[in-house]
Amino acid sequence: MNVVDLAHPAEEVAPRLLGAILTHETPEGTVSITITETEAYAGAADPASHAYRGRTPRNAVMFGPAGHLYVYRSHGLHWCANIVTGADGIATAVLIRAGKVIEGEDLARKRRGSKVESPRLARGPGNFCQALGITSEHNGTDLLTGASVTLSEGEPVPAALIRVGPRVGVSKAHDWQHRFFLAGDPTVSAYRLSPRAKPSAGA
């Protein structure tokens, strides 16, 4: 995966990130996770995006360049990781919702809990970050230049395995078909409609 591949609208990049690998090297060890579920957020055109109302200190990383990690706190509890996409200056990003641990499972389980089953180690965006050891200190990391957190290509995913659906747990533009996931994969998180969701027009 390279900058050219990422420098497109989030809804185009999100399905192509399925099967890609995020790796984090730390003094504790290395964890690698194959991405199995993503969600696209289209910036100023997307009411559910953090960049919908423009640039702020919190969302500045989303404005590019592509290939950087945008990390934010969800509900004051969990860190969530997004891969910045699109043209420089236009805030689009792909939320990484779930994945399969392919290296460092013992370390991922240490971070998540000794009784967590393998398919659940990185299921859900907060769990994904916890298993990978991602926190606010990684906000802005360039995933393509050999930093401690890197993005790399994995095995190609057949188009027949990719499913598309509405985004999980958002109240605005929740019915946009911007969630992409691998059919039948046990690591994919369950769909949940926000109780505050209302019908919306859009992609």
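- There is no path of hydrophobic side-chain contacts, each under 4.5 Å, that joins L182 to I21.
- Of all the heavy atoms in V168 and A190, the pair that sits closest is CG1-O, 4.1 Å.
- In this structure, H68 has no ring-ring contact (aromatic ring centres under 6.0 Å, His included) partners at least two apart in sequence or on a different chain.
- Applying the salt bridge (charged side-chain N to carboxylate O under 4.0 Å, His left out) criterion to R123, with sequence neighbours excluded, gives no partner residue.
- Remark: Y70 engages H50, Y72 in a ring-ring contact (aromatic ring centres under 6.0 Å, His included) (not counting sequence neighbours).
- Taking every heavy atom of both residues into account, P47 and A173 meet most closely at CD-CB, 4.0 Å.
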Taking it one step at a time, do E39 and R179 satisfy side chain to side chain contact (heavy atoms under 4.5 Å, CB included)? CA-CA 4 Å; E39 282 181 347; R179 176 178 173 239; 3.9 Å; yes
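- Of all non-hydrogen atoms in A98 and G124, the two that sit nearest each other are CB-N, 3.9 Å.
- Without hydrogens or angle criteria, T92 side chain to T85 main chain gives a donor-acceptor distance under 3.5 Å.
- Note that CD1 of I83 and CG of L143 are 5.5 Å apart. Values are rounded to the nearest 0.5 Å.
- E28 pairs by the salt bridge (charged side-chain N to carboxylate O under 4.0 Å, His left out) definition with K110, R111, not counting sequence neighbours.
- Atom CG of residue L132 and atom OG1 of residue T26 lie 9.5 Å apart, to the nearest 0.5 angstrom.
- Expressed to the nearest 0.5 Å, how far CD1 of I96 lies from CG of L18 amounts to 8.5 Å.
- Looking at residues two or more places apart in sequence or on another chain, you find no side chain to side chain donor-acceptor pair (under 3.5 Å) involving T38.
- Remark: T150 OG1 to E25 CD distance equals 6.5 Å, nearest 0.5 Å.
- Under the 4.5 Å side-chain criterion, counting only non-hydrogen atoms from C-beta, T141 is not in contact with S148.
- Counting only heavy atoms from C-beta outward, the side chains of L69 and I134 approach each other to under 4.5 Å.
- Looking only at distances, no side-chain donor or acceptor of R55 sits under 3.5 Å from a matching main-chain atom of F63.
- Scanning all heavy atoms of the two residues, the minimum distance from C80 to G126 falls at SG-N, 4.4 Å.
- By the salt bridge (charged side-chain N to carboxylate O under 4.0 Å, His left out) test, R112 is found to be paired with no residue, residues two or more places apart in sequence or in another chain being considered.
- At a threshold of 4.5 Å between side-chain heavy atoms, the hydrophobic network of Ile, Leu, Val, Met, Phe, Trp and Tyr places V149 and V31 in one connected group.
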Just distance, no hydrogens or angles: give the donor-acceptor pairs under 3.5 Å from side chains in residues 114-122, sequence neighbours left out.
residue: S118; atom: OG; partner: E105; partner atom: OE2; Å: 2.7
residue: S118; atom: OG; partner: R109; partner atom: NH2; Å: 3.2

Pair L151-L6, side chain to side chain contact (heavy atoms under 4.5 Å, CB included): steps then yes or no: CA-CA 11 Å; L151 177 70; L6 296 173; 4.2 Å; yes
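- Residues passing the side chain to side chain donor-acceptor pair (under 3.5 Å) test with R167, sequence neighbours excluded: D46.
- Applying the side-chain contact (heavy atoms from CB on, under 4.5 Å) rule to S136 yields the partners W79; only residues at least two apart in sequence or on another chain are considered.
- When the side chain to side chain donor-acceptor pair (under 3.5 Å) test is applied to S32, the partners found at least two apart in sequence or on another chain are T23, E103.
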Would V71 and T135 count as a side chain to side chain contact (heavy atoms under 4.5 Å, CB included) if you check the C-alpha gap in whole Å, the side-chain angles of each, and the deciding distance to 0.1 Å? CA-CA 7 Å; V71 181; T135 67; over 6 Å; no
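- Linking ILVMFWY residues whenever their side-chain heavy atoms come closer than 4.5 Å, directly or via other members, leaves I90 and V94 in distinct clusters.
- Residue pairs meeting the ring-ring contact (aromatic ring centres under 6.0 Å, His included) criterion with at least one member in residues 87-142, sequence neighbours excluded, are H24-H138.
- Summarising the geometry of G86 relative to A66, their closest heavy-atom pair is O-CB, 3.7 Å, with the distance given to 0.1 Å.
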I would like to know whether V157 and F180 meet side chain to side chain contact (heavy atoms under 4.5 Å, CB included); could you show each step before the answer? CA-CA 12 Å; V157 173; F180 303 88; over 6 Å; no
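- Rounded to the nearest 0.5 Å, atoms CD (Q177) and CZ (R163) are 13.5 Å apart.
- When hydrophobic clusters are built by joining Ile, Leu, Val, Met, Phe, Trp and Tyr residues whose side-chain heavy atoms come closer than 4.5 Å, directly or via intermediates, I102 is not grouped with I33.
- The side chain to side chain donor-acceptor pair (under 3.5 Å) search around N82 returns none, not counting sequence neighbours.
- By the rule that hydrophobic residues join a cluster once side-chain heavy atoms approach within less than 4.5 Å of another member, F181 and L22 end up as members of separate clusters.
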